[in-house]
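We count residues from 1, following the sequence as given.
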Amino acid sequence: MTFVIGTGRSGSTALSGILNTHPDVLSLNEYMASVGDTAFPEGRVSGAEFWEALFKPTPYFASMIRSGLLMPEFLYTRRPGRYAAETTGIPALSLMVLPHLTDDPDALLDEIHAAVAGWPVRTAAEHHEALFELLGARFGRTAVVERSGYSTGWAPGLHETFPYAKFVHLFRDGPDCALSMSRHVGYRVITLMREIGERTGVESFGDLTEEQVRSLPPDLAALLADRFDPALVRDRDFPLRRFGDLWSELVVQGARFLDGLPDDQRLTLSYEDLLDDPRGELTRLAAFVGVEASPQWLDGACAQLDDSRRGSAAKQLTSVAFEELRQSCASGTRVLER
């Protein structure tokens, strides 16, 4: 089992697509972003309780969809099936994970339900291992690779839950990644949610009191509703340095986590190195994951990589804006250059 952690907006979605084409890799795209901490309760839970964590729609993603604020990662909304945010809610597994694996995510969800609901009482780790084994057998895959954007914060908990798992820290040039974040609705929402957390002092929005919500500026409080005006996110003016600061924070977090792992459980992967030497870097990644990098797989993988956005920050920003963004990325860049 391997987890690819990183900031997101770093070529990670392309990497999930490349891994998904490998005949031996079960690529779990945005699995942690979909199920989050709710699927990792303490103690022992029944199969029915575990299934509920996999099925229950992710609340804020549901709110974003109802508000017309769709992320490109929401694969289910592109080819909708029997579930809809307005009525049934889109199951957590269905929004991004299952459409990455099959063209019929509803049928696959039914298969999973039929198996999982009857599982015995056991730990969350054992349930996840059984689920990954089930999906691996279903698709004939032997290696599991989970990849979610904005995932460095989950790494310590994942290591504690799966102490044998391997971790890949994927990163991209700071200014380019931060600029991409600034244009992505998901990261604009993340930035606003972080501001709400800083203003109220809560770690979980489920802990917010009515008084704390009333203390927020109206344009922030509105984002906590089941439906909100998407212009509050799309049209807001964000200083670019906030995304540079976020990139640095996540990169430092990921690098420090990897520093604490044994050599055989950690790998760093630069998006720029992947563009420069795709065959070499993907061969190195495949060996780390435990699969073969066949010439046919490498040929197809190279065709999926696009280097047209390399250097986008320097090309698109004024020299003053670029320098300010570069400075906000400085602490993360220093960690990567060690």
Would you call the rings of [X] and [Y] parallel, tilted or perpendicular if under 30° counts as parallel and over 60° as perpendicular?
X: His22; Y: Trp297; result: perpendicular
X: Phe55; Y: Tyr83; result: perpendicular
X: His128; Y: Tyr31; result: perpendicular
X: His159; Y: Phe257; result: perpendicular

message: With a 6.0 Å cut-off on the ring centroids, do Phe238 and Tyr187 count as close?
response: no
- prompt: side chain to side chain donor-acceptor pair (under 3.5 Å) between Thr200 and Gln212: does it pass, once the steps are laid out?
  reply: CA-CA 6 Å; Thr200 59; Gln212 287 172 322; 5.2 Å; no
query: Can you name the nearest heavy-atom pair linking Leu325 to Pro175, along with the distance?
result: CD2-O, 3.5 Å
field: Distance-minimising heavy-atom pair for Leu267 and Arg284
entry: CD1-NH1, 2.9 Å
Looking at [X] and [Y], does any basic side-chain N land under 4.0 Å from a carboxylate oxygen?
X: Arg309; Y: Asp306; answer: no
X: Glu272; Y: Arg310; answer: no
X: Arg227; Y: Glu86; answer: yes

Listed once per pair and sorted, the side-chain hydrogen bond (donor to acceptor under 3.5 Å, both in side chains) pairs that draw on residues 88-101, sequence neighbours left out: Ser27-His100
message: Show me the pairs that pass side-chain hydrogen bond (donor to acceptor under 3.5 Å, both in side chains) and involve residues 34-45, at least two apart or across chains.
response: Asp37-Trp154
Is there a side-chain contact between [X] and [Y] (heavy atoms, below 4.5 Å)?
X: Leu95; Y: Thr77; answer: yes
X: Ile112; Y: Leu135; answer: yes
X: Arg242; Y: Met181; answer: no
X: Val213; Y: Phe205; answer: no
X: Thr2; Y: Val144; answer: no

- request: Linking directly or through intermediates, with side-chain heavy atoms under 4.5 Å: list the remaining ILVMFWY members grouped with Leu75, chain and number order.
  value: none
- prompt: Is there a donor-acceptor pair under 3.5 Å between the side chain of Glu73 and the backbone N or O of Met96?
  reply: no
field: Spacing of Arg234 atom CZ and Arg188 atom CZ [to the nearest 0.5 Å]
entry: 10.5 Å
Throw together a table of side-chain donor-acceptor distances under 3.5 angstrom for residues 160-171, partners on residues two or more places apart or in other chains.
residue, atom, partner, partner atom, Å
Thr161, OG1, Gly157, O, 2.9
Tyr164, OH, Glu129, OE2, 2.7
Lys166, NZ, Phe288, O, 2.6

field: Any pair counted as salt bridge (charged side-chain N to carboxylate O under 4.0 Å, His left out), so long as it reaches residues 315-333, sequence neighbours left out
entry: Arg241-Glu324, Glu323-Arg326
- request: Provide the full list of salt bridge (charged side-chain N to carboxylate O under 4.0 Å, His left out) pairs with a residue in residues 329-338, sequence neighbours left out, each pair given once.
  value: Asp259-Arg338
